[in-house]
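Here's the structure, in structure tokens; my notes come after.
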Amino acid sequence: MLTDMKTDDVLITCDGLVKIFKTEDIEVMALQGLDMEIKRGELMSVIGKSGSGKSTLMNIIGGLEKPSAGKIVVAGKNLSDMTEKEMVNYRKNTVGFVWQKSERNLFKYLTALENIEAAMNFTGKSSKEKRTKALELLEMVGMSHKKDSYPTRMSGGEQQRIAIAVALANDPQILLADEPTGAVDTKTSNHIQDLFRRLNKELGITIIIVTHDMKLAAKVDRVVMISDGKISTEKIMKAKYRENIDSLTDEELYENAHEEYSVLDKAGRVQLNDEMLDAAGIDTNKVKITVEDGKVIITAENS
Ligand code: ADP
Ligand code: MG
């Protein structure tokens with residue numbers, strides 16, 4: 001577990017990440033020069049339309065895919081410089097994954113306890129050590145009572161709790177969850193989101209959650225929106241809300257708790273969304289930019 005957590009440490013740096021998928025006759029640019037820093041101990045969510053590049057980003061952070069260009073550095077190590085063997089170790093020990101589909105997280109012919117123990121195979125732990133650790137993890141995710149159940153005999157929410165325990169079995173520094181609540185009802189997904197928050201607090205583990213549910217996304221410190229393979233906006237929770245998070249309703253969190261920022265990239269570009277363009281009456285591809293009283297003002301070309 002992380003005991004020497006320093007909150008200002010940058011754990012993950014994505015620098016101009018590009019990912020191109022080539023199929024027979026078409027190239028898809030899933031990431032288009034994505035820049036992002038994630039601090040050690042952060043709890044953040046990633047939102048964005050389907051196809052915007054969220055899973056690609058998670059797979060690159062998790063060491064399952066290599067970027068076509070750009071750089072990803074985790075805990076001071078450039079993943080592109082790692083040998084195949086280092087990569088295998090990285091996937092096994094540095095990151096833990098929770099996927100949307102239960103079949104990808106759990107072996108259906110193993111019980112909850114056995115699934116968690118299986119995740120510790122090849123770690124050099126004795127059976128007894130594995131058992132102790134697995135029971136501890138079951139307790140942590142609130143599933144001790146289901147330790148001998150098979151995944152098929154559990155609800156979707158219970159399966160995801162076990163999946164989280166499996167993902168934590170090797171004490172990863174980073175927990176990656178790709179739409180972990182995509183297949184469960186709202187109440188259950190709320191509970192799972194609360195579990196992520198508790199684990200983040202208690203273990204100091206860095207957690208990145210992809211979700212399409214903005215209400216859930218709002219329960220974290222930082223929400224990053226991806227559009228067309230780049231970060232477009234970031235919402236950061238205001239300090240006074242962060243301190244009282246448990247006493248707030250979902251509505252309050254969703255409506256008021258975050259400050260929204262547009263991201264200014266290294267080349268000095270920002271993205272104006274459709275709402276902003278409409279409100280400013282900008283409907284051409286040329287704008288006038290002036291600086292007045294220390295403010296940058298963008299206006300339609302003919303105004
Ligand atoms: P999201 O998770 O936000 O829905 P993805 O990262 O899965 O988006 O996909 C981003 C884009 O890359 C999509 O256009 C998708 O079709 C494409 N893509 C993702 N993975 C592959 C792949 N293995 N082969 C070809 N295209 C892919
Ligand atoms: Mg996806």
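Position 1 is the first residue of the sequence; numbering continues from there. Remember, it's 1-based here, ligands and their atoms both numbered in the order they're listed.
- Residues M120 and I116 have side chains in contact (heavy-atom distance under 4.5 Å, counting atoms from C-beta outward).
- Under a 4.0 angstrom heavy-atom cut-off, K49 registers as being in contact with ligand 1.
- Considering backbone and side-chain N/O atoms, K54 comes within less than 3.5 Å of an N/O atom of ligand 1.
- Using a 4.5 Å cut-off between side-chain heavy atoms of Ile, Leu, Val, Met, Phe, Trp and Tyr, with links allowed through other members, I60 and M29 fall into different hydrophobic clusters.
- Residue V28 touches ligand 1 through its side chain alone, judged by heavy-atom distances below 4.0 Å.
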Subject >> Intermediate values then yes/no, side chain to side chain donor-acceptor pair (under 3.5 Å), T56 and N59 >> reply: CA-CA 5 Å; T56 305; N59 290 339; 5.8 Å; no

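- Among protein heavy atoms, atom 1 (P) of ligand 1 sits closest to G51 N, 3.5 Å.
- Looking only at side-chain heavy atoms (C-beta outward), P151 and F107 stay at 4.5 Å or farther from each other.
- Checked for salt-bridge contact, E103 and K108 miss the test: no charged N lies under 4.0 Å from a carboxylate O.
- Scanning all protein heavy atoms for the shortest distance to atom 7 (O) of ligand 1 gives S55 CB, 3.6 Å.
- Salt bridge absent: E117 and K133 never bring a charged side-chain N and a carboxylate O closer than 4.0 Å.
- Within the 4.5 Å cutoff, side-chain heavy atoms of I226 are placed close to those of L57.
- The shell of residues lying under 4.0 angstrom from ligand 1, judged by heavy atoms, excludes G48.
- In this view, D194 and K219 satisfy the side-chain hydrogen bond (donor to acceptor under 3.5 Å, both in side chains) rule, not counting sequence neighbours.
- Closest heavy-atom approach to atom 12 (O) of ligand 1 within the set A30, G53, G229, S50: this belongs to A30.
- Distances from atom 16 (O) of ligand 1 to the protein include no heavy-atom value under 4.0 Å.
- Counting only non-hydrogen atoms, the option in I20, D228, T56 that gets closest to atom 5 (P) of ligand 1 is T56.
- By the 4.0 Å N-to-carboxylate-O rule, E259 lies too far from K235 to be salt-bridged with it.
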Subject >> Test log, rule side-chain contact (heavy atoms from CB on, under 4.5 Å), inputs R222 and M237 >> reply: CA-CA 6 Å; R222 180 157 76 121; M237 197 179 286; over 6 Å; no

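- Tally of protein N, O or S atoms closer to the Mg ion (ligand 2) than 2.8 Å: 1.
- Looking only at protein heavy atoms, the nearest one to atom 27 (C) of ligand 1 is F21 CD1, 3.3 Å.
- Relative to the six-membered ring of Y90, K92 misses at least one condition, a distance below 6.0 Å or an angle of at most 45° to the axis.
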